Amino acid sequence: MKKLNINNIARTFLMAATAAVTMLSCSDSIFNKQPLDKVSDETFWRNESDAQLAWAGCYNHGSGWVSNTFWAPRTMLWLDLMAGFGSEKEGRPDGVTDGTMNSSFWVPNEYWSQTWKTIVACNNFLDHVDNISMSDDTKRRMKADIRTLRAYHYFYLATFWGDVPLVTTVLSLEEANSVSRTPVSQVWEFIENELTESAPELPETLSDSELGKMSRGTAYAILGRALMSQKKWSAAADAYKRIIDSNVYIVEDRFRELFWEQSEYSKEILLSSQYVVDNFSHVLPQYLYPEVNGGWHQFSPYNELVKRFECIDGKTIEESPLYDEDNPYDNRDPRLLYTVMVSGKSSFQGREYNADPFSDSPDRYGKYSVWSGYCIAKFMDEGFNGNLMNYGGNFILIRYPEILLGYLESKLEAGDAIDQTLLDATINKVRGRQSVNMPAVTETDANRLREIIRRERSVEFAFEGLHYYDILRWGTANEELNRQFTGMKLTTDPDNYTASAVDEKGYAICQRRVFTVGKSELWPIPLSEIQLNPNLTQNPGY
């Protein structure tokens, strides 16, 4: 049973809190507030209770299933689909990586506008909270929390758009329609300063009633991401080391169950978006579950992700003697079947998953043209038997394994010595959890270890929204996204298989994706924003 917390209480007052902290107009610039038909600041900001509501209200922006921001389950999962891990059955949101995206495309428009709504809410909070009479300690904690939340969203703006307006207060209409893009180096500097200053003001641990708020470790985790994006490796390692040395977080023994509602208070989780059945639920199970389980089987992983999972001897499928091309799913890292449903090998709640194209299964390959034959297994909650459209499980945004792998990668890229003690304290803790129990990494050669770390991040965090960020900062997006993607193994005799298009090893032919160097590294500024404000220049190629 989920415990009642301040976020859940505040959702009862969602409409009032949202009106009070955003005051946005649909027709005006997203940087501007429009109070004509909303609760006014003058009547809302009266006491600490109002501040508490406004604080929670900042988190309500972009939390729902249909809100396309860097906080909600669907949109974070979509990031990994766009980064080459799969597709949605209607083909969405493939326009980002098939070479057809433009400044009117819905993905950059939605992610941009929804993210700015949260930033404006944060700005409005910070503009007014100092006028409220309350404990100085409470006020400092609130401000640090909202500055961290704002920095989290600026991190994604900088990652996907580069130069963006740096707006830290609510603007007038005239100001909003004349802002310019700030060089991304200055945006990164702002993010670093905000997080460095805020972290000490945040609690090191959170009570269960505060689940979903920012902790000191969360601030340093976001800082670590920002520093890694800039290749400030030593500073990133220092940020991650602060989290490790706090001894607050752990690597859970159970991997599969970590993503179920029963585990949302786990000490592996640094940050998650909050949901509760009936009051503020989401519909991930409906989209996720196979059709045989009553779901829509909306998402379909690609075989390029499946191939990343090592064999149980710790070697890649290219290197391991355990790998059998005719039985490619045997003897593999247990996280493979925790992450991807494989026909004939996976089941859920007593029902076998069957994608055999010659069967009458509702999940059979070929039923939809973009299905790969695989289905996402991660997040499928074995203990949930309720309405698939009314799920209350939280969605994890930052986990402790990211801290351990980020620390190891940063030490490696900083040129620091790598020894077995460091490997055992980082990557081997992740691989060695009881339910995974993969062989320990012993490699210390920088080039080979770099490949291992990158592969480990891919399989550990699949569908959690990290891979797009990773391939952009690694500079490997061109390599990973300029390719023909494939699906499930359809035949062991590809030369004589005529039922569907297959590659030379018998895997289903899926989508071809395109990445244009010098253009595709960034998303376009939405055309609607440029039309409102000619000071907003466009990214190259759009």
Side-chain angles (χ1 to χ4, degrees), residues 58-59 61-63 69-72 75-76 79 111 115 118-119 121-123 126 141-161 164 166 168 184-206 210-246 248-249 268-274 394-407 409-410 457 461 464-470 472-473:
C58 290
Y59 283 86
H61 290 273
S63 301
T69 187
F70 300 100
W71 195 264
T75 47
M76 296 306 289
L79 287 178
Y111 279 59
T115 299
T118 299
I119 291 175
C122 292
N123 287 344
L126 294 169
R141 189 268 179 92
M142 283 184 174
K143 290 168 67 175
D145 184 286
I146 293 303
R147 290 173 70 187
T148 300
L149 178 63
R150 182 175 62 180
Y152 171 90
H153 287 281
Y154 260 114
F155 162 81
Y156 282 104
L157 289 177
T159 296
F160 289 101
W161 284 277
V164 295
L166 185 54
T168 60
V184 70
S185 60
Q186 294 180 32
V187 179
W188 286 127
E189 182 180 4
F190 169 78
I191 294 169
E192 290 179 42
N193 290 339
E194 289 289 282
L195 295 169
T196 301
E197 293 175 9
S198 297
E201 303 292 343
L202 292 168
E204 193 163 62
T205 60
L206 298 174
E210 294 182 311
L211 188 68
K213 287 293 195 293
M214 298 293 177
S215 68
R216 189 174 305 167
T218 305
Y220 284 127
I222 302 166
L223 177 61
R225 287 185 182 180
L227 293 167
M228 290 177 76
S229 289
Q230 302 170 81
K231 304 189 186 307
K232 294 183 177 180
W233 300 114
S234 294
D238 289 343
Y240 288 132
K241 189 65 161 58
R242 288 176 180 270
I243 304 170
I244 294 169
D245 288 346
S246 72
V248 170
Y249 305 101
E268 181 166 319
I269 302 169
L270 279 77
L271 182 65
S272 57
S273 52
Q274 303 294 290
N394 297 339
F395 189 82
I396 301 171
L397 299 169
I398 304 177
R399 295 194 283 121
Y400 189 52
E402 180 187 343
I403 310 309
L404 297 178
L405 296 179
Y407 179 62
E409 180 181 351
S410 297
R457 286 181 68 94
F461 305 121
E464 296 177 51
L466 275 180
H467 194 59
Y468 209 147
Y469 153 73
D470 278 344
L472 288 175
R473 68 182 180 83

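Values below: all heavy atoms of this structure, side chains included; hydrogens, waters and symmetry mates excluded. Just so it is clear, the model here is predicted, and its values are computed rather than measured.
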Exercise: identify the closest heavy-atom pair between [X] and [Y]:
| X | Y | result |
| --- | --- | --- |
| Ala219 | Ala199 | CB-CB, 3.9 Å |
| Met228 | Tyr469 | CB-OH, 3.6 Å |
| Arg147 | Asn193 | NH2-O, 4.4 Å |
| Glu204 | Tyr249 | O-OH, 4.1 Å |
| Cys58 | Ala121 | SG-O, 3.5 Å |
| Gly465 | Leu79 | O-CD1, 3.8 Å |

(message) If the condition is ring pair (Phe, Tyr, Trp, His ring centres under 6.0 Å), which residues does Tyr111 pass it with, not counting sequence neighbours?
(response)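 Partners of Tyr111 under the ring pair (Phe, Tyr, Trp, His ring centres under 6.0 Å) test: Phe70, Trp523.
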
Is any side-chain heavy atom of [X] less than 4.5 Å from a side-chain heavy atom of [Y]?
| X | Y | answer |
| --- | --- | --- |
| Ile222 | Ile398 | yes |
| Asn394 | Leu211 | yes |
| Tyr220 | Thr148 | no |
| Glu402 | Glu464 | no |
| Leu202 | Lys213 | no |
| Leu271 | Trp71 | yes |
| Phe461 | His467 | no |
| Arg216 | Val248 | no |

Could you measure the distance from the [atom1] atom of [X] to the [atom2] atom of [Y]? Nearest 0.5 Å is fine.
| X | Y | atom1 | atom2 | result |
| --- | --- | --- | --- | --- |
| Lys231 | Ser410 | NZ | OG | 11.0 Å |
| Ile396 | Met76 | CD1 | CE | 12.0 Å |
| Met214 | Ser198 | CE | OG | 10.0 Å |
| Leu397 | Leu466 | CG | CG | 9.5 Å |
| Leu405 | Asp470 | CG | CG | 10.0 Å |
| Ile146 | Tyr152 | CD1 | OH | 14.0 Å |

(message) If the threshold is 4.0 Å, N to carboxylate O, is there a salt bridge linking Arg242 and Asp245?
(response)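 Asp245 and Arg242: not salt-bridged.
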
(request) May I ask you to say whether Lys232 pairs ionically with Glu192, meaning some side-chain N is under 4.0 Å from a carboxylate O? (result)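 Looking at Lys232 and Glu192, the cut-off is met.
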
(request) Evaluate side chain to side chain contact (heavy atoms under 4.5 Å, CB included) for Phe160 paired with Leu472, printing each intermediate quantity in order. (result) CA-CA 9 Å; Phe160 289 101; Leu472 288 175; 3.9 Å; yes

For [Y], is there any backbone N or O sitting under 3.5 Å from a side-chain donor or acceptor partner on [X]?
| X | Y | value |
| --- | --- | --- |
| Ser246 | Ile243 | yes |
| Gln274 | Ser272 | yes |
| Ser273 | Ala72 | no |

(request) Could you tell me whether Arg150 sits above the aromatic face of Tyr154, with NZ or CZ closer than 6.0 angstrom to the six-membered ring centre and within 45 degrees of the axis? (result) no

(message) What I want to check is whether the side chains of Tyr156 and Arg225 have a donor and an acceptor closer together than 3.5 Å.
(response) yes

(request) Tell me yes or no: between the side chains of Thr115 and Thr118, is some donor less than 3.5 Å from an acceptor? (result) no

(message) Against Leu157, only a single residue in Val187, Ile191, Leu166, Ile119 fulfils side-chain contact (heavy atoms from CB on, under 4.5 Å); can you say which?
(response)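 Testing Leu157 for a side-chain contact (heavy atoms from CB on, under 4.5 Å) against Val187, Ile191, Leu166, Ile119 leaves exactly one candidate, Ile119.
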
